[in-house]
Amino acid sequence: MVDRDAAVPLYHQIFLQLRDEILSGERPYGSALPTEQELAEMYSVSRITARRVLGDLALNHYVERKRRLGTRVTFRSPAKPIEANIDQAVDSLLALGQGTTVNVIEVATENPPHTVASALQLAAGQQVVRAVRVRCLDGEPLGYVVSYVSAELEGVVTQKTLVRAPILRLLDEAGFHAKHAEQTIGAILADTQLAEALDIEPRAAILRISRTVYDENDRPFLITHAHYRSDRFNIRMDLNVPRPV
């Protein structure tokens, strides 16, 4: 989404969105970006604007553009992945759900963005359920959370069930047990939609957590993008020196 009334130029708003998708892993190393024409249609902008966006991404070494081959992501995070216990992580997420209240903004069955379809390994034409919630703490918005599951789970993930329990618990009850997950944490600037939902100033810093959860057969079944207010949310990790065997 772009805000045509914002002081930030359209090309830079689109640049920031694509950059954040690359940094979060939504657009992984080697993946193809939309063409200039596709980007222009996606955001209803001119091809000149789309060309500048892709040019700026290349200039900042996020992508590489090659004639007749298109634009591909070349960014790789320099950070080595940290391994953690999935059971402890799930317990932490469920505790967050129990300690906060949730406002379900929307639950819809729709065609997925390309990045979501690829991450969930969906067949062509397969739809998803997109669930949007705002989590609140003491009556104040804390996080804006968007999750995607395959459309076959539209009876599990509904407006009514999301009020009752966190989405991970609903999926676990339906037989989708989390075996492992990939999670990326980063900082982004709030666009107009996020600023309004979280009651913060536009362009304020927020914490973005992107997570893909896999089942016992190593199939991805849940994608979540959570955006938290940096003044009300932090992540704590207890680090220990491993004992020699």
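Note: hydrogens, waters and symmetry copies are ignored here, and every other heavy atom, side chains too, is used.
- Under the 4.5 Å side-chain criterion, counting only non-hydrogen atoms from C-beta, C136 is in contact with N103.
- Placement of L189 and L10 in two distinct hydrophobic clusters is found when ILVMFWY residues are connected by side-chain heavy-atom separations under 4.5 Å, directly or transitively.
- If you take OG on S118 and CZ on R27, they are separated by 10.0 Å, rounding to the nearest 0.5 Å.
- Closest approach of F221 to H177, counting heavy atoms only: CE2-O, 4.1 Å.
- Residues D215 and N217 approach most closely at OD1-N, 2.8 Å, considering heavy atoms.
- Atom CD1 of I185 is separated from atom CZ of R211 by 8.5 Å, given to the nearest 0.5 angstrom.
- For the residue pair Q37/E41, the side-chain donor-acceptor check at 3.5 Å is satisfied.
- Within a 6.0 Å sphere centred on CD of E201, heavy atoms belonging to other residues, nucleotides or ligands number 12 at most.
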Inset, instruction - Apply the test side chain to side chain contact (heavy atoms under 4.5 Å, CB included) to residues V149 and F176: give CA-CA distance (whole Å), side-chain angles for both, the deciding distance (0.1 Å), then the verdict. - result: CA-CA 11 Å; V149 297; F176 290 80; over 6 Å; no

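- L142 and L198 end up in different hydrophobic clusters when Ile, Leu, Val, Met, Phe, Trp and Tyr side chains are linked at under 4.5 Å.
- Residue E173 qualifies as enclosed at atom CD: its count of foreign heavy atoms under 6.0 Å is above 12.
- Taken from OG1 in T115 to OH in Y148, the straight-line distance is 7.0 Å, to the nearest 0.5 Å.
- Taking each heavy atom of V53 and Y11 in turn, the nearest pair found is CG2-O, 3.3 Å.
- A donor-acceptor pair shorter than 3.5 Å can be found between the side chains of E154 and T109.
- The main-chain N or O of R135 is never found under 3.5 Å from a side-chain atom of T100 such that the two would form a donor-acceptor pair.
- For A50 against A40, the heavy-atom pair with the smallest separation is CB-N, 4.0 Å.
- Inter-residue side-chain proximity for P112 and L120 is flagged as unmet; no heavy-atom pair is nearer than 4.5 Å.
- A chain of hydrophobic side-chain contacts below 4.5 Å, direct or via other Ile, Leu, Val, Met, Phe, Trp or Tyr residues, connects L222 to V156.
- Using cut-offs of 30° and 60° for the angle between ring planes, the Y62 and F75 rings count as tilted.
- The two residues V107 and V157 have their closest heavy-atom pair at CG1-O, 3.6 Å.
- Residue Y144 forms a side-chain hydrogen bond (donor to acceptor under 3.5 Å, both in side chains) with just one option from Q193, R133, H227, and that option is Q193.
- Under a hydrophobic-cluster definition in which Ile, Leu, Val, Met, Phe, Trp and Tyr are linked whenever side-chain heavy atoms come within less than 4.5 Å, directly or via other members, L39 and L33 are assigned to the same cluster.
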Inset, instruction - For Y43 and Q13, run side chain to side chain donor-acceptor pair (under 3.5 Å): C-alpha distance rounded to whole Å, both residues' side-chain angles, the deciding distance at 0.1 Å, then the answer. - result: CA-CA 10 Å; Y43 291 95; Q13 292 185 50; over 6 Å; no

Inset, instruction - List the steps and the verdict of side chain to side chain contact (heavy atoms under 4.5 Å, CB included) for I209 and Q183. - result: CA-CA 7 Å; I209 302 176; Q183 180 167 277; 3.6 Å; yes

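- Separation of atoms CG (L23) and CD1 (I188) is listed at 10.0 Å; rounding is to 0.5 Å.
- A salt bridge links R47 with E36: at least one charged nitrogen is closer than 4.0 Å to a carboxylate oxygen.
- Expressed to the nearest 0.5 Å, how far OG1 of T224 lies from CG of L168 amounts to 7.0 Å.
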Legend entry - Stepwise side chain to side chain contact (heavy atoms under 4.5 Å, CB included) test for R203 and L16: CA-CA 11 Å; R203 319 311 298 171; L16 291 175; 2.6 Å; yes

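- Crowding of L69 atom CG: a count of heavy atoms from other residues, nucleotides or ligands under 6.0 Å exceeding 12.
- Nearest heavy-atom pair, R51 versus R65, reported as atom, atom and distance to 0.1 Å: O-NH1, 4.0 Å.
- Not a single donor-acceptor pair under 3.5 Å links the side chain of R19 to the backbone N or O of N60.
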Inset, instruction - Check the pair Y214 / E182 against side chain to side chain contact (heavy atoms under 4.5 Å, CB included), numbers first and verdict last. - result: CA-CA 8 Å; Y214 297 79; E182 298 171 351; 3.3 Å; yes

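- V104 and V129 end up in the same hydrophobic cluster when Ile, Leu, Val, Met, Phe, Trp and Tyr side chains are linked at under 4.5 Å.
- A distance of 5.5 Å separates CG of L162 from CD1 of I167, quoted to the nearest 0.5 Å.
- Here the side chains of K179 and D218 are in contact, with some heavy-atom distance below 4.5 Å.
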